[in-house]
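Take a look at the structure below.
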Number of protein chains: 2
Amino acid sequence: MEHGVADLERDRSRLGRSSTAERVADILRERISEGFFEPGQRLSEEAISDALGVSRNTLREAFRLLGHERLLDHRLNRGVFVRILSAEDVADLYRVRRVIEGAAVRRNPTPQALGLIKEAVADAERAAARDDWRAVGTANIRFHQALVTLNESPRLDEAMRQLLAELRLVFHVMKNPRDFHEPFVERNRRLLELLESGRADEAAAFLDGYLDDAERLLVHAYEPNA
Amino acid sequence: MEHGVADLERDRSRLGRSSTAERVADILRERISEGFFEPGQRLSEEAISDALGVSRNTLREAFRLLGHERLLDHRLNRGVFVRILSAEDVADLYRVRRVIEGAAVRRNPTPQALGLIKEAVADAERAAARDDWRAVGTANIRFHQALVTLNESPRLDEAMRQLLAELRLVFHVMKNPRDFHEPFVERNRRLLELLESGRADEAAAFLDGYLDDAERLLVHAYEPNA
DNA sequence: AACATAAGAATCGTTGAACAATTCGACAAG
DNA sequence: CTTGTCGAATTGTTCAACGATTCTTATGTT
């Protein structure tokens, strides 16, 4: 009666997290990242605190949290709005990705991280095979999140998590997710191979081209609408 | 009557910045980073809200902000504490520095960034000449902050700012700031020269050694106390 | 004496109401 | 068409209250 216990430790992080404000933040974060709240939309304190059955004070604490994650834009005396990313924001996000992911692929890959990456690649391929491009998208995010774990830095993992959440604000502009995700399924596989064979420099160069293309595709689909 | 207006836009950022909660956060952030509040110390909601003349709710909003910056540790139902960095935290912070600063020195330096770096180096040298090691410390921080601007990424600048604020939590354990800062005044100058002459790879290698030594020194002074 | 336990104090978490401050739109005046 | 003014709506902040949780201290048992 001891081997099942170790697994529980992974859930321990969920225990500490219980204040109402944090749970409210979780709900809102999810709603934002799934596009339920659209960028630019104002989130009324009264309406939402009412709908969720929490006080305005508690809701405001949640707003602060999300503001710090850059998902909400807090304008004094005017309220909070779902963040609208500018083209410069997207460019900056990709600049950061080049730095963080670039450093990751240059490191000696640990078996653990490679495992995560491999899983994500396989998931994306399976999802692509059944034409589920939404699932390809989430698998792709998992892929890049896994890449970053190569750095073995909790803070970089966290930074990447936030960065991807921010990027999700603009992913919704893609009307046709297939065009955006399809080319990268194969490239993920290729990048994985480069990592496995220890060709770090090639992997880094490959990743740079990868990110350039991804950014271009994203900005192209994004600019016209803004 | 149109050319004077454009210049005003730069000051627009100053307008949004003011809410009691944010100003309170500014005050507390400063107090923490100057060591007035010691790591591990509990910050009582009642005492502080009383002392600053703000309500508990407003203070709690400020606490959330600082918690997100990792300066405060928020434990449910127990209050907020000034963060205590573990040795692993320090190691992780330096891991992130290697990634962010390493990427910075590999880039083609802009004259603007070089100017900031040069200033910081000169300030450190002047302060060292007059034995003001506290000033050397702040100039050194400015040096590394300036390094990061080479990335030309607002988000990386912000990440660095937070990272350095976090590191300041442990800088205070240095009883003799001279031992810690003195060796790096010269190395800052050397790194600047490498950047100016465009020898990016050498600069990167030099920086790695630099950070290794700095981390070692810091951990050495830190570990025994913990 | 050591240790478990239970009552009590202190503090946090959250709420709801209240009022001041600010924004924004509409409408009037120049 | 710009500028001033009024008022409704919303946010910013405070305050008082109460339940929930943690910490402290006193109590009683082995």
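By convention in this document, chain letters (A, B, ...) are assigned in the order of the sequence lines, proteins followed by strands, and residues within each chain are numbered from 1.
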Spacing of [X] atom [atom1] relative to [N] atom [atom2], expressed in whole Å:
| X | N | atom1 | atom2 | value |
| --- | --- | --- | --- | --- |
| A/Glu22 | C/dC12 | CD | P | 16 Å |
| B/Glu45 | C/dC12 | CD | C1' | 6 Å |
| B/Arg75 | C/dT11 | CZ | P | 16 Å |

I'd like to know if the side chain of [X] reaches the main chain of [Y], judged simply by a donor and an acceptor atom lying under 3.5 Å from each other, with no hydrogens or angles considered.
| X | Y | answer |
| --- | --- | --- |
| B/His172 | B/Ser33 | yes |
| B/His181 | B/Pro177 | yes |
| B/Thr149 | B/Glu152 | no |
| B/Thr58 | B/Val54 | no |

Problem - NZ or CZ of B/Arg31 within 45° of B/Phe36 ring axis and under 6.0 Å - result: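 Output yes; distance and angle both within limits.
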
Completion exercise
Nearest heavy-atom approach of B/Asp157 to B/Gln145 is O-NE2, 3.1 Å

Fill in the blank from the handout: In the 5' to 3' direction, the nucleotides of DNA chain D bounding the stretch that comes under 4.0 Å of a heavy atom in chain A are D/dT10 to D/dT14

Practice task
Rounded to the nearest 0.5 Å, what's the gap from CZ on B/Arg75 to CZ on B/Phe81? Could you check?
Solution key: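 Atom-to-atom, B/Arg75:CZ and B/Phe81:CZ are 4.5 Å apart.
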
Exercise for the section: Establish, yes or no, whether a centroid distance under 6.0 Å links the rings of A/Phe63 and A/His68. Expected result: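 Between A/Phe63 and A/His68, the centre distance exceeds or equals 6.0 Å.
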
Practice task
Measure centre to centre between the rings of A/Phe171 and A/Phe180, then say whether the value is under 6.0 Å.
Solution key: yes

Fill in the blank from the handout: The dot-bracket string of DNA chain D, counting Watson-Crick and G-U wobble pairs with both distances under 3.5 Å, using [ ] for crossing pairs and | for pairs to another strand, is ||||||||||||||||||||||||||||||

Practice task
Check each residue of residues 56-73 of chain A for a non-hydrogen atom within less than 4.0 Å of any atom in DNA chain D, then write out the ones that pass by number, or none.
Solution key: A/Arg56, A/Asn57, A/Arg60

Practice task
Might you confirm whether atom CZ of B/Arg134 has over 12 heavy atoms from other residues, nucleotides or ligands at distances under 6.0 Å?
Solution key: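 12 or below, so no.
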
Practice task
By nearest nucleotide on DNA chain C, pick out whichever of A/Gly53 and B/Ser44 is the more 5' one.
Solution key: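 Its nucleotide being nearer the 5' end, the pick is B/Ser44.
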
